[in-house]
Amino acid sequence: MSKYLIVGGVAGGMSCAARLRRLSEDAKIIVFERGEFVSFANCGLPYYIGGKIREKSALVLQTPESFKNRFNVDVRVLSEVVRIDPAAKKITVKDIYVGREYEETYDKLILSPGAEPVRPDILGIEHPAIFTLRNIPDTLKIKNFIETKKPSTAIVVGGGYIGLEMAENLVEAGLHVTVVEALPQVLNVIDPDIAAMAGITLKNNKIILKTGVGGVLSFDDNNGGVRALLSNGQDIKADLVIWSAGVKPEISLAKDAGLKTNRGIVVDEYLRTSDENIYAVGDAIEVKNPVTGVMGVMPLAGPANKQGRLCADNIIEGNKRKYKGTLGASVLKIFNVTVAAVGPPSKVLDALKIPYETVTVHPGSHAGYYPGAASMTLKLIFSPSDGRILGAQAAGVEFVDKKIDVISAIMGMKGTVYDLMEFEQCYAPPYSSAKDAVNMAGFVAENVLSGRIKTITWEKVLANQDDFIILDVRTGGECGRGKAPGAINIPVDDLRQRIGEIPKGKKIAVHCGVGIRSYIAVRILMQSGFEEVFNISGGYISYAILKA
């Protein structure tokens with residue numbers, strides 16, 4: 001009878017344990033979890049604090065008892081694995097409840113230690129009003145603090161996914177919130193033009209947003225609350241602080257055992273570590289990005305669950321199934337706005353010197369004539385040589401996740417913009433348009449690849465404004481509600497008759513509201529003898545977002 005030990009529960013560890021049992025009824029399987037809860041909805045923790053999830057029991061997916069009854073797996077909570085001896089194929093476990101240590105041998109060992117919040121050693125960070133959020137005990141501490149201390153103000157340090165989810169839920173809990181982000185934008189894993197929509201949403205919901213302010217130098221007490229001193233000289237006072245400035249893989253156990261580690265635990269394509277009898281899954285491992293080919297950590301629940309299942313297959317059936325890597329598909333709700341992305345942002349491609357083009361479209365969430373349609377922003381990043389999709393990002397009120405899911409699926413098959421053009425979605429007016437947003441992104445990208453149109457971003461135009469004539473082809477009424485400085489307004493329907501009004505000798509950057517009318521205008525100009533003509537990606541909507 002084979003014996004399999006799993007270090008760490010939650011997504012990776014528990015999915016591996018369940019799959020091992022489904023494949024082998026005879027195996028002895030033991031899961032060790034140093035915390036009290038072995039299987040919980042960690043992505044749902046902020047929503048319990050905000051009151052959207054009302055019962056604590058809803059966060060607990062499985063207990064040791066329920067997992068034993070269903071899968072006959074021995075789950076030991078409050079049991080910390082403190083040492084691994086690969087040569088002897090055994091581990092040392094500390095029973096936290098009674099304070100004793102004991103050993104267990106294994107045939108195969110699976111590591112799923114996860115990631116922990118980055119908590120730097122700065123003055124005052126141990127203040128009792130400063131919290132991190134990783135597990136259910138952390139959640140209960142924050143919830144109890146809010147209910148007993150009745151704080152009215154909060155600081156969230158860090159503008160990543162968890163930080164913004166916490167900011168929203170603290171507002172839902174009745175607090176006035178300030179988000180502090182050291183970098184110039186929130187959501188640093190996506191491009192600034194899409195992240196800007198998240199910032200606008202935060203401000204529209206009365207959250208004070210401070211970006212580009214550098215790090216927090218120190219905290220000190222302020223009559224029971226906290227005063228945070230920022231590196232730019234500002235200080236902010238609040239009754240409660242959530243420290244959410246990133247996470248780091250827990251690799252110390254693996255490293256001490258002599259396993260190969262970098263930023264995370266190094267595994268091969270079968271999820272084996274440098275020891276053939278030890279596997280690893282989840283937030284602690286390094287995985288390959290299929291777009292860039294670069295290894296890195298990707299702390300996401302979806303990949304962790306899939307890795308756990310695949311790992312079990314390789315242990316039971318032999319190393320046959322390869323893990324293809326993680327594209328990093330992610331989604332975030334911020335009040336009524338959804339932000340989603342897949343693939344690396346532009347700055348990562350820039351750093352790796354990977355050539356790319358981008359197009360931005362602003363389609364409706366569904367057919368415009370059906371009530372309730374809302375505009376979304378969809379940005380597509382693709383290779384200029386063959387059209388392979390490198391990434392996509394979107395923000396809007398409705399169906400944003402669906403569009404990114406479709407593009408992620410096509411990326412997983414190494415798809416191109418031509419595949420987006422041909423993608424066939426189910427259609428009815430309440431759900432989409434006959435030309436879906438995904439199709440539209442493909443159409444625009446194909447125009448770029450074919451040379452029928454050249455695109456440019458607002459950032460490049462505004463940074464080199466002396467080189468360009470900005471041509472606004474919206475109606476006069478639209479321009480009256482907002483216009484880029486220095487732009488010449490000639491509505492697209494009048495362009496053929498007024499083409500002589502456009503000065504010669506400069507590049508022409510054309511825009512409309514979203515990019516469709518400007519595409520028509522660009523084609524008119526290019527076929528009328530104008531050579532350096534560019535369609536400004538995303539139109540005036542992108543400009544308004546950039547300048548908000």
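Values reported hereafter were calculated over all heavy atoms of this structure, with side chains retained and with hydrogens, waters and symmetry mates removed.
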Rounded distance [0.5 Å steps], [atom1] in [X] versus [atom2] in [Y]:
X: Met411; Y: Arg388; atom1: CE; atom2: CZ; answer: 7.5 Å
X: Lys255; Y: Thr261; atom1: NZ; atom2: OG1; answer: 5.0 Å
X: Asp121; Y: Arg119; atom1: CG; atom2: CZ; answer: 10.5 Å
X: Leu332; Y: Thr338; atom1: CG; atom2: OG1; answer: 8.0 Å
X: Ile536; Y: Thr360; atom1: CD1; atom2: OG1; answer: 12.0 Å
X: Ile278; Y: Leu259; atom1: CD1; atom2: CG; answer: 4.5 Å

Is the backbone N or O of [Y] less than 3.5 Å from a side-chain atom of [X], with the two atoms forming a donor-acceptor pair by type?
X: Ser365; Y: Ala374; answer: yes
X: Ser274; Y: Lys260; answer: yes
X: Ser79; Y: Arg34; answer: no
X: Glu286; Y: Gly264; answer: yes
X: Gln425; Y: Ser433; answer: yes
X: Ser24; Y: Arg21; answer: no
X: Thr326; Y: Gly328; answer: no
X: Glu181; Y: Gly159; answer: yes
X: Ser408; Y: Ile404; answer: no
X: Asn289; Y: Gly293; answer: no

Give the minimum heavy-atom separation between [X] and [Y], together with the two atoms involved.
X: Asn535; Y: Gly515; answer: ND2-O, 3.4 Å
X: Ala441; Y: Leu378; answer: CB-CD2, 4.0 Å
X: Ile91; Y: Val93; answer: CD1-CG2, 3.7 Å
X: Lys403; Y: Ser432; answer: NZ-CB, 4.4 Å
X: Asp283; Y: Pro299; answer: OD1-CA, 3.3 Å
X: Val179; Y: Ala167; answer: CG2-CB, 3.7 Å

Are Leu140 and Lys56 close enough, and set up right, to give a side chain to side chain contact (heavy atoms under 4.5 Å, CB included), and what steps lead you there? CA-CA 9 Å; Leu140 298 181; Lys56 180 184 75 172; 3.6 Å; yes
State, without any angle test, whether [X] and [Y] hold a side-chain donor-acceptor pair at a distance under 3.5 Å.
X: Tyr48; Y: Asn169; value: no
X: Asn314; Y: Arg321; value: no
X: Tyr418; Y: Glu446; value: no

Are the side chains of [Y] and [X] in contact, using a 4.5 Å heavy-atom criterion?
X: Leu20; Y: Ile110; value: yes
X: Leu271; Y: Ile285; value: yes
X: Ile84; Y: Leu109; value: yes
X: Thr105; Y: Lys89; value: no
X: Met197; Y: Val339; value: no
X: Phe399; Y: Tyr431; value: yes
X: Leu45; Y: Leu59; value: yes
X: Ile30; Y: Lys28; value: yes

Atom [atom1] of [X] with >12 non-hydrogen neighbours under 6.0 angstrom:
X: Glu317; atom1: CD; answer: yes
X: Arg70; atom1: CZ; answer: no
X: Phe335; atom1: CZ; answer: yes
X: Lys94; atom1: NZ; answer: no
X: Leu449; atom1: CG; answer: yes
X: Lys333; atom1: NZ; answer: yes
X: Arg263; atom1: CZ; answer: no
X: Tyr270; atom1: OH; answer: yes

Go through the steps for His362 and Thr377 under the test side chain to side chain donor-acceptor pair (under 3.5 Å), then give the verdict. CA-CA 5 Å; His362 298 284; Thr377 298; 2.9 Å; yes
Apply the test side chain to side chain donor-acceptor pair (under 3.5 Å) to residues Asp191 and Ser346: give CA-CA distance (whole Å), side-chain angles for both, the deciding distance (0.1 Å), then the verdict. CA-CA 6 Å; Asp191 288 344; Ser346 297; 2.7 Å; yes
Step by step, would you call Asn319 with Tyr279 a side chain to side chain donor-acceptor pair (under 3.5 Å)? CA-CA 11 Å; Asn319 297 308; Tyr279 291 71; 2.8 Å; yes
Checking Leu380, Val444, Asn439 against Leu420 for side-chain contact (heavy atoms from CB on, under 4.5 Å), the one that qualifies is Leu380
Testing Leu5, Val73, Asn72 one by one against Ile29 for a side-chain contact (heavy atoms from CB on, under 4.5 Å), which residue passes?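 Of all the options given, the one that passes is Val73.
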Return the orientation label for the Phe67 and Phe71 ring planes: parallel under 30°, perpendicular over 60°, tilted otherwise.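 The rings of Phe67 and Phe71 sit tilted, inter-plane angle from 30° to 60°.
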I want to check a possible cation-pi pair here: Lys454 against Phe534, using under 6.0 Å from ring centre and within 45° of the ring axis as the test. yes
Could you walk me through whether Ser383 and Asp386 pass the side chain to side chain donor-acceptor pair (under 3.5 Å) check? CA-CA 6 Å; Ser383 167; Asp386 59 7; 3.1 Å; yes
Residue that, paired with Glu269, satisfies salt bridge (Lys or Arg N to Asp or Glu O under 4.0 Å) out of Lys324, Lys322, Lys320, Lys288: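 Of Lys324, Lys322, Lys320, Lys288, salt bridge (Lys or Arg N to Asp or Glu O under 4.0 Å) with Glu269 is met by Lys322 alone.
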Could you tell me whether Arg134 and Asp138 make a salt bridge, using a distance below 4.0 angstrom between a side-chain N and a carboxylate O?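 Salt bridge between Arg134 and Asp138, a charged N being under 4.0 Å from a carboxylate O: no.
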Do Arg76 and Glu104 meet the salt-bridge criterion of a basic N to acidic O distance under 4.0 Å? yes
Between Asp313 and Arg19, does the salt bridge (Lys or Arg N to Asp or Glu O under 4.0 Å) criterion hold? Intermediate values first, please. CA-CA 8 Å; Asp313 288 355; Arg19 181 67 170 175; 2.6 Å; yes
Would you sort out whether Gln307 and Val287 count as a side chain to side chain contact (heavy atoms under 4.5 Å, CB included), showing the intermediate values? CA-CA 10 Å; Gln307 291 159 13; Val287 295; 3.9 Å; yes
